[in-house]
There are 2 protein chains.
Amino acid sequence: MTIRKATDEEPCPVARSVDLIGDRWSLLIVRDAFDGVRRFGDFQRSLGVARNILADRLRKLVDAGILEMRDASDGTAYQEYVLSTKGEGLFPIVVALRQWGELHLFARGERHSVLIDTRTRKPIPRMTPQAKDGSTLMPAFTEVRKVT
Amino acid sequence: MTIRKATDEEPCPVARSVDLIGDRWSLLIVRDAFDGVRRFGDFQRSLGVARNILADRLRKLVDAGILEMRDASDGTAYQEYVLSTKGEGLFPIVVALRQWGELHLFARGERHSVLIDTRTRKPIPRMTPQAKDGSTLMPAFTEVRKVT
DNA sequence: CAGTATCCCTCAAGATACTG
DNA sequence: CAGTATCTTGAGGGATACTG
């Protein structure tokens, strides 16, 4: 990052976003968070990431205001990491990555995990529906749960 | 990547997408490509990336079928890199990153670059318009040109 | 101009042991 | 269980010189 502009001098919003969440793990943590994962150990098992790296990424995501720490809902003494409103705003990015990947990175018939919109109880569509003007309709974030 | 699954064993489309384009430079190259950048030197100047890294990323993007090489349109002996259909499919991801960044990563009033939709001649909106059901409307890719 | 070849260095990441 | 501390490795990335 010596050569890249400091984030606060970078005029391109895409670049700032990529600087913040464009690493190997952050977006997958966010994906899991959309999927309802909340606890350190669950993230760790889901991702298979080293504990120290996970701790670092969680801290950065909390510092960035994407995740918030809360007391565990199950009465244990530990913390949970849940998406803030800002973090929930990443939903279109995750969905777009998912849909592009489904369409272009899987062979026909090859199985992949899907997301269920818990409001409509339907899977997030493989492709974004087209509007009349050619724009695409991105599902809203309600709550989502993975099915494999 | 020792611990991460090989791409062809990874069942999550988000993870496959992130594996492919979730590095520091690939998405910014794609962003520039949407912006009409086509030549090695122009990418290099725009991004400030080392030439060997740029060459590597361009090669990987071509191998992945996201960019295609063509003979230069200006008659010179060189090549140009243009988005394939698959690459154009990344538009919603770039737009989503842009809009999230505009909304959450810039102070009020702070200036940032914008994209002009050359079909409508209007800037890509700061926030995705909401549909009645709470889903969001992602602009179509026609052609786009940066304005700072 | 459009790359390739080399060298070097930093940091991300993995492994593992330890602590409250 | 939820982390922290420490060590090691390797890949990513920068600088630069070189080539067709």
Side-chain angles (χ1 to χ4, degrees), chain A residues 1-7 9-10 15 18-30 32-33 36-64 67-82, chain B residues 1-7 9-10 15 18-30 32-33 36-64 67-82:
Chain A
M1 281 226 239
T2 18
I3 214 181
R4 278 274 277 284
K5 289 186 178 70
T7 291
E9 297 190 352
E10 172 58 67
V18 168
D19 273 348
L20 191 58
I21 54 171
D23 71 280
R24 207 172 348 279
W25 293 115
S26 298
L27 270 172
L28 296 184
I29 292 171
V30 169
D32 276 2
V37 176
R38 299 183 160 206
R39 304 215 14 185
F40 188 93
D42 292 332
F43 283 112
Q44 206 272 323
R45 266 182 300 281
S46 167
L47 298 170
V49 58
R51 311 169 86 72
N52 52 345
I53 304 297
L54 176 60
D56 177 76
R57 288 306 182 282
L58 287 172
R59 195 178 313 117
K60 284 179 179 165
L61 289 169
V62 169
D63 288 349
L67 293 178
E68 289 171 355
M69 297 187 71
R70 296 193 187 160
D71 293 340
S73 50
D74 62 356
T76 57
Y78 300 111
Q79 302 286 318
E80 293 183 339
Y81 300 88
V82 297
Chain B
M1 283 228 236
T2 20
I3 213 181
R4 278 276 276 284
K5 290 186 179 71
T7 291
E9 298 191 350
E10 173 57 67
V18 168
D19 272 348
L20 191 59
I21 55 171
D23 71 281
R24 195 151 24 261
W25 294 116
S26 297
L27 269 172
L28 297 183
I29 292 173
V30 169
D32 277 1
V37 177
R38 300 182 158 205
R39 307 222 1 193
F40 188 93
D42 293 332
F43 283 113
Q44 206 274 319
R45 267 183 300 281
S46 166
L47 298 170
V49 59
R51 310 169 86 71
N52 53 344
I53 304 297
L54 176 60
D56 177 76
R57 288 306 182 284
L58 287 173
R59 196 178 312 116
K60 284 180 179 166
L61 289 170
V62 169
D63 289 349
L67 293 178
E68 289 170 355
M69 296 187 72
R70 296 193 187 157
D71 294 340
S73 49
D74 62 356
T76 57
Y78 301 111
Q79 301 287 317
E80 293 183 340
Y81 299 88
V82 298

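A quick note: this is a predicted structure, and the numbers were derived from the prediction, not measured. In what follows, chains are A, B, ... by sequence order, proteins preceding strands, each numbered from 1.
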Give Tyr81(A) one of three labels, base, sugar-phosphate or nothing, depending on what nucleic acid heavy atoms sit under 4.0 Å from its own.
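Counting heavy atoms under 4.0 Å across all strands, the contact made by Tyr81(A) is with sugar-phosphate only.
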
In whole angstroms, how far is the P atom of dG12(D) from the CG atom of Leu54(B)?
16 Å

Check side-chain contact (heavy atoms from CB on, under 4.5 Å) between Gln79(B) and all other residues, then give those that pass, not counting sequence neighbours.
Met69(B), Asp71(B)

Which pairs, protein N/O on one side and nucleotides 6-12 of chain C N/O on the other, fall under 3.5 Å?
residue, atom, partner, partner atom, Å
dT6(C), O4, Asn52(B), ND2, 3.0

I'd like to know if Arg39(B) reaches the base of dA2(C) with its side chain such that a donor and an acceptor end up less than 3.5 angstrom apart.
no

Stems in DNA chain C, runs of 3 or more consecutive Watson-Crick or G-U wobble pairs with both distances under 3.5 Å, sorted by first number, are C:1-20 with D:1-20

Give a yes/no on whether any side-chain N or O of Arg59(A) is located under 4.0 angstrom from OP1 or OP2 of dT4(D).
yes

Heavy-atom pair with the smallest gap, counting every atom of Leu67(B) and Ala33(B)
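Here Leu67(B) and Ala33(B) meet closest at CD2-CB, 4.3 Å.
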
Heavy-atom pair of closest approach, residues Leu28(A) and Ala15(B):
CD2-CA, 3.8 Å

For residues 40-52 of chain A, please give each side-chain donor-acceptor pair under 3.5 Å, one per line with the distance, not counting sequence neighbours.
residue, atom, partner, partner atom, Å
Asp42(A), OD1, Arg45(A), NH2, 3.1
Gln44(A), NE2, Val49(A), O, 2.7
Arg45(A), NH2, Gly41(A), O, 3.4
Ser46(A), OG, Asp32(A), OD2, 2.6

Select one nucleotide: of dA2(D), dC1(C), dG3(C), the one nearest the side-chain heavy atoms of Phe40(A).
dA2(D)

Applying side-chain hydrogen bond (donor to acceptor under 3.5 Å, both in side chains), can you list everything that pairs with Glu80(B), at least two apart in sequence or on another chain?
Arg38(B), Ser73(B)

Mind checking side-chain hydrogen bond (donor to acceptor under 3.5 Å, both in side chains) for Arg39(A) and listing every partner two or more places apart, or none if nothing turns up?
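Partners of Arg39(A) under the side-chain hydrogen bond (donor to acceptor under 3.5 Å, both in side chains) test: Asp74(A), Thr76(A).
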
Which is more 5' along DNA chain C, the nucleotide nearest Arg45(B) or the one nearest Asp23(A)? Just name the residue.
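Its nucleotide being nearer the 5' end, the pick is Arg45(B).
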
For residues 53-63 of chain A, tabulate all N or O donor-acceptor pairs below 3.5 Å that involve a side-chain atom, not counting sequence neighbours.
residue, atom, partner, partner atom, Å
Asp56(A), OD2, Lys60(A), NZ, 3.3
Arg57(A), NE, Asp23(A), OD2, 3.0

